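Ligands are counted one by one from 1 in listed order, and the atoms in each one are counted from 1 as well. The first residue of the sequence shown is numbered 1, and numbering continues consecutively from there. Because the structure is a prediction, the values reported are computed rather than measured.
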Amino acid sequence: MIKFLDLYAQYEGMRPEMDEAIAAVLRTTGFINGPAVSRFESEFAEYLGSPHCVGVANGTDSIEIILEALALPAGSEVIVPANSFVGSSEPVSRAGLRVVFADVDPHTYTLDVEDVRQRVTPRTAAIVVVHLYGQSCDMRPMLELADQHGLKVIEDCAQAHGAQYEGRHVGTLGTAASWSFYPGKNLGAYGDAGAITTSDSELARRCRMIANHGRVEKYNHLFEGRNSRLDGIQAAVLSVKLKRLPAWVETRNRLAMGYCTRLKDIGDLVLPVARARCRHAYHLYVVRTARRDELRAFLTSAGIETGVHYPIALPKLAAYAGHGQAMEEMFANRADGMLLSLPIGEHLTDADVATVAEAVKRFFTLSE
Ligand SMILES: Cc1ncc(COP(=O)(O)O)c(C=O)c1O
């Protein structure tokens with residue numbers, strides 16, 4: 001059996017340190033806004049090279065809080081990639097803004113800058129750039145475009161812990177960045193957790209206040225905020241895992257290279273392309289074939305777990321029926337039936353990758 005994700009094996013590999021870190025929070029009862037939270041915020045900021053990190057309750061909230069802190073005019077348009085998790089677009093609408101979907105590039109699956117350019121209108125206020133599958137968007141032209149039109153750039157880094165763009169960590173490139181530490185992410189908590197990073201101290205201060213009831217100190221509230229805080233136990237878990245993140249990303253890259261060499265020129269299989277001079281974090285290794293469902297069933301019967309990210313492009317979700325972009329000629333609207341995520345992660349070995357690759361080859365050979 002080759003698992004898609006094995007969080008128990010990961011825990012086993014660091015059990016004494018993890019148990020002690022959790023027990024330390026229990027002993028000191030620093031459950032909310034305790035020392036474990038500020039420690040993780042500093043460690044993560046330092047790891048990224050970001051001046052500020054604000055822990056929040058989850059990745060979806062982090063986007064919504066950033067948008068609220070930016071105080072964009074109500075009803076402004078925000079451009080979001082058509083292939084992503086709904087957590088990239090949902091906070092836009094919840095913040096009283098209008099989602100406009102843009103297409104993704106068929107090689108890297110990140111936002112297509114030219115398509116974004118076509119969709120900018122006088123009402124556009126921001127772009128949510130999603131570093132999808134662990135790969136950075138092409139930030140240089142994206143930031144140029146944003147500059148030309150005075151747009152804010154929110155980096156959705158939920159899948160990109162460890163990814164870099166031309167030597168800089170993602171999450172340090174735009175106006176602000178959102179992070180999810182959902183358990184299955186490259187850096188995952190043992191429950192929901194998230195963070196915001198930014199180099200703008202005023203924005204960081206506002207985000208921190210919004211996430212903590214708009215207060216400056218206990219019972220002194222400057223405005224109505226909300227409750228979206230990173231809790232102490234999750235922060236302690238994240239600190240233990242952060243130390244291991246570079247090695248895990250290294251392993252993900254090695255395994256991805258294994259897939260890339262073994263899966264070349266097979267049937268109609270399209271392999272992901274890594275951007276030059278950038279560090280892919282390979283949260284997911286996504287291939288594409290017109291026979292996705294058959295291949296997936298074949299791999300399942302061979303004991304290989306796979307995933308689909310995502311089976312329905314965002315414009316085609318019932319939630320966005322009113323946006324009228326479901327029928328638009330976009331790569332993302334066609335690709336959702338063809339994408340297949342092969343297992344990748346530090347729980348796997350090179351031999352596992354060879355086994356998966358052999359099974360994929362067998363599928364295409366048997367049906368030739
Ligand atoms: C690209 C993307 N954006 C946003 C989110 C939302 O994060 P969360 O589940 O922590 O709210 C996720 C993950 O689940 C994601 O993959």
Practice item. Quick one: closest heavy-atom pair of Val129 and Met142, and the distance? Key: CG1-CG, 3.7 Å
Practice item. Give a yes/no on ligand 1: does Asp192 have at least one heavy atom closer than 4.0 angstrom to it? Key: no
Check your understanding: Does a side chain donor of either Asp268 or Thr289 reach within less than 3.5 Å of an acceptor in the other side chain?
Key -> yes
Practice item. Show which atoms of ligand 1 fall inside a sub-4.0 Å distance from at least one heavy-atom site of Gln159. Key: 1 (C), 16 (O)
Exercise for review: May I ask you to list the atoms of ligand 1 that are less than 4.0 angstrom from any heavy atom of Val130?
Suggested key: 1 (C)
Point to revise | Minimum non-hydrogen distance to atom 11 (O) of ligand 1, winning option of Val56, Thr60, Asn83 | key: Thr60
Review point. What atoms of ligand 1 come within less than 4.0 Å of a heavy atom belonging to Gly87?
Key: 4 (C)
Review point. Are Tyr310 and ligand 1 in contact, using a heavy-atom cut-off of under 4.0 Å?
Key: yes
Study note, to complete from the structure: Taking only non-hydrogen atoms of Gly59 and a 4.0 Å limit, the atoms of ligand 1 in range are 7 (O), 8 (P), 10 (O), 11 (O)
Check your understanding: Any side-chain heavy-atom pair from Leu132 and Val104 closer than 4.5 angstrom?
Key -> no
Review point. Is Glu166 atom CD crowded by more than 12 heavy atoms from other residues, nucleotides or ligands, each under 6.0 Å away?
Key: yes
Side-chain donor-acceptor contacts of residues 219-226 below 3.5 Å, not counting sequence neighbours, with atom names and distances?
from   : atom 1 : to     : atom 2 : distance (Å)
His221 : ND1    : His213 : O      : 2.8
Arg226 : NH1    : Glu64  : OE2    : 3.2
Arg226 : NH2    : Asp61  : OD1    : 3.0

Review point. So which heavy atom in the protein is nearest atom 5 (C) of ligand 1, and how far is it from that ligand atom?
Key: Phe85 CD2, 3.6 Å
Practice item. Among all protein heavy atoms, pick out the one at the shortest distance from atom 15 (C) of ligand 1; state its residue, atom name and that distance to 0.1 Å. Key: Ala158 CB, 3.4 Å
**Study point:** NZ (Lys316) with more than 12 external heavy atoms under 6.0 Å
**Key:** yes
Review point. Which pair of heavy atoms, one from Pro272 and one from Val286, lies closest together, and at what distance?
Key: CD-O, 3.4 Å
Point to revise | Protein contact of atom 9 (O) of ligand 1 - nearest heavy atom, named by residue and atom, plus distance | key: Ser180 OG, 4.0 Å
**Study point:** Nearest neighbour in protein (non-hydrogen) for atom 4 (C) of ligand 1
**Key:** Asp156 OD2, 3.5 Å
Exercise for review: Verify ring-ring contact (aromatic ring centres under 6.0 Å, His included) between Phe181 and Phe44, making sure each step is shown before the conclusion.
Suggested key: CA-CA 12 Å; Phe181 304 117; Phe44 195 52; 5.5 Å; yes
Practice item. Number the atoms of ligand 1 from 1 as they appear, then name those within less than 4.0 Å of a heavy atom of Ser84, with their elements. Key: 1 (C)
Exercise for review: Taking the side chain as every heavy atom from C-beta outward, state whether Phe4 and Ser341 have any pair of such atoms under 4.5 Å apart.
Suggested key: yes
Practice item. Please report which non-hydrogen protein atom sits nearest to atom 14 (O) of ligand 1, along with the residue it belongs to and the distance in Å to one decimal place. Key: Lys185 NZ, 3.2 Å
**Study point:** For Asn58, atoms of ligand 1 separated by under 4.0 Å from a heavy atom
**Key:** 10 (O), 11 (O)
